[in-house]
Amino acid sequence: MKKLWISKRTAKRIRGILAACPLAILAVIVCLPAALLLSGSITGEYEMHMLLSPLFGEEGSFVDWTWIPVFPDFSQFGKLLFASPQFFVLFWNSVKMVGMILAGQLFVAVPAAWAFSRYRFWMKKTLFLIYMILMLLPFQVMMLSQYLVLDRIELLNTHWAIILPAVFSTFPVFLVYRSFCGIPESLLEAARMDGAGEWYIFFRIGLPIGEGGILSALVLDFLECWNLIEQPLAFLKDKSLWPLSLYLPNIGIDQAGFAMAASVITLLPALCVFWFGQDYLEQGIAASGTKG
């Protein structure tokens, strides 16, 4: 029998395809919930009720889902956008809180990260260690102390109760710190010898070089703050102050199509931010993991 010869290039391509198949399967599985949301958001109320009838105790033991509706219906989006003022109130609450959090982190976390990475001062290592410990503590551990402090300064049931703790979060400091550590000290010394001041070095050298880490921190913080649930539930009593992330859990199963349409619109800002900031996110994470 003749042996079947395969070139090295072809063999490499085959191995690449075989290695990519499991990843493609996992990617499809991960995307299924998003596809389900899109499908359900354009499903009419009657058809949705028929599909979910087992959940209402009617005939059938399992939910029968069709990925393409028999009669697509966009009325849920119309109801959400033109007949749901509460949705817009909560939407702008989220925009306001997330915008102020990110702006505050630019003024607090970035200078703090620069100071930790470029200057020597008393108890620097101890203070940075405390920062890291605080970053590892979950909100459930810090909730009571934050509640007592916010109550003492009379900020409970205001948006500042959500904004201020997030502005002083330690995670963006750590991420931007790792990015600033990659700047050669010789470059800064050369700038000082040329007469550049510390603020000039920070704005003209530090910020441009550390841009990837800064933007990646902002993208990650946007995705986290846009989906806050525990903090608003703990610190905001007035429902008119709630963010959009608390709007969806208040929609009953009898409004499943409406809930899916709301989920799609809620997902769009986070998806857009991730799409446009993906390159910076990858660069920042890679830099934070490789530079000491």
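Count residues from 1 along the sequence. Values below: all heavy atoms of this structure, side chains included; hydrogens, waters and symmetry mates excluded.
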* Please answer whether the main-chain N or O of Ala166 pairs with a side-chain N or O of Gln105 as donor and acceptor at a distance below 3.5 Å. => yes
* Please collect all ring-ring contact (aromatic ring centres under 6.0 Å, His included) contacts where either partner lies in residues 129-165, sequence neighbours excluded, each pair once. => Phe116-Tyr131, Phe139-Phe235
* Taking it one step at a time, do Leu90 and Leu241 satisfy side chain to side chain contact (heavy atoms under 4.5 Å, CB included)? -> CA-CA 7 Å; Leu90 272 59; Leu241 298 174; over 6 Å; no
* Are Val273 and Trp226 side-chain neighbours, meaning at least one heavy-atom pair lies under 4.5 Å? -> no
* Asked: Going from CG on Leu215 to CG on Leu220, what distance comes out if it is rounded to the nearest 0.5 angstrom?
  -> 11.0 Å
* Asked: Any chance CD of Gln146 has more than 12 other-residue heavy atoms, nucleotides or ligands included, within less than 6.0 Å?
  -> yes
* Are any of the side-chain heavy atoms of Ile130 and Thr170 separated by less than 4.5 Å? -> no
* 4.5 Å side-chain heavy-atom contact, Val219 and Phe276 -> no
* Structure fact -> Closest heavy-atom pair, Ser179 versus Ile209, reported as atoms and distance to 0.1 Å, is OG-O, 4.4 Å
* So with a 6.0 Å cut-off around CD of Glu154, is the heavy-atom count from everything else above 12? -> no
* Asked: With hydrophobic residues grouped by side-chain heavy-atom distances under 4.5 Å, do Leu38 and Leu81 end up in a single group?
  -> yes
* Asked: What is the distance from atom CD1 of Ile25 to atom SG of Cys21, rounded to the nearest 0.5 Å?
  -> 6.5 Å
* Pick out which of Pro243, Pro232, Cys225 makes a side-chain contact (heavy atoms from CB on, under 4.5 Å) with Ser94. => Pro243
* Within the side chain of Lys124, is there an N or O that forms a donor-acceptor pair under 3.5 Å with the backbone of Tyr119? -> yes
* Asked: Are the side chain of Asp73 and the backbone of Ser75 linked by a donor-acceptor contact shorter than 3.5 Å?
  -> yes
* To do: Flag the pair Trp114 / Ile201 as yes when at least one side-chain heavy-atom distance between them is below 4.5 Å, and no otherwise.
  => yes
* Do the non-hydrogen side-chain atoms of Thr266 and Phe91 ever get within less than 4.5 Å of each other? -> no
* Give, for atom NZ of Lys239 and atom CG of Leu246, the distance between the pair rounded to the nearest 0.5 Å. => 10.0 Å
* To do: Take Val264 and Phe77, measure what side chain to side chain contact (heavy atoms under 4.5 Å, CB included) needs, and give me the verdict at the end.
  => CA-CA 9 Å; Val264 170; Phe77 288 100; 4.3 Å; yes
* Asked: Got a sec: does the NZ of Lys96 have more than 12 other heavy atoms crowding it under 6.0 Å?
  -> no
* Asked: Heavy atoms, side chains only, cut-off 4.5 Å: are Cys181 and Tyr177 in contact?
  -> yes
* ILVMFWY network linking Val95 to Leu80, side-chain heavy atoms under 4.5 angstrom -> yes
* Asked: Rounded to the nearest 0.5 Å, what separation is found between the CZ atom of Phe174 and the CG atom of Leu136?
  -> 9.0 Å
* For the pair Thr43 (side chain) and Ser39 (backbone), establish whether a donor and an acceptor sit closer than 3.5 Å, ignoring hydrogens and angles. => yes
* Asked: Got more than 12 heavy atoms from elsewhere within 6.0 Å of CZ, Phe82?
  -> no
* Same apolar cluster (I L V M F W Y, side chains within < 4.5 Å links), Leu187/Phe203 -> yes
* To do: Walk me through it: do Val110 and Leu207 pass the test side chain to side chain contact (heavy atoms under 4.5 Å, CB included)?
  => CA-CA 9 Å; Val110 176; Leu207 292 184; 3.7 Å; yes
* To do: Check for a donor-acceptor pair, side chain of Ser41 on one end and backbone N or O of Ala261 on the other, with a separation under 3.5 Å.
  => no
* Is the backbone N or O of Leu236 less than 3.5 Å from a side-chain atom of Asn157, with the two atoms forming a donor-acceptor pair by type? -> no
* **Rounded distance (nearest 0.5 Å) linking atom CD1 of Ile229 with atom CG of Asn227** => 7.0 Å
* Carefully, step by step, assess Met143 and Gln231 under the rule side chain to side chain contact (heavy atoms under 4.5 Å, CB included). => CA-CA 8 Å; Met143 180 176 64; Gln231 291 87 336; over 6 Å; no
* Asked: Arg118 side chain to Gly206 main-chain N or O, any donor-acceptor pair under 3.5 Å?
  -> no
* Keeping the roles fixed (side chain from Asp221, backbone from Pro172), state whether a donor-acceptor pair exists under 3.5 Å. => no
* Under 6.0 Å from the CZ atom of Phe121, do we count more than 12 heavy atoms belonging to anything else shown? -> yes
* Structure fact -> Rounded to the nearest 0.5 Å, the CD1 atom of Ile205 sits from the CZ atom of Phe180 at a distance of 11.5 Å
* Which pairs pass salt bridge (Lys or Arg N to Asp or Glu O under 4.0 Å) with one or both residues in residues 198-214, sequence neighbours excluded? -> Arg192-Glu198
* May I ask you to test the Met142-Leu134 pair for a side-chain heavy-atom distance under 4.5 Å? => yes
* Cluster link Ile214 to Trp199, ILVMFWY, side chain under 4.5 Å -> yes
* Flag the pair Phe87 / Ile265 as yes when at least one side-chain heavy-atom distance between them is below 4.5 Å, and no otherwise. => yes
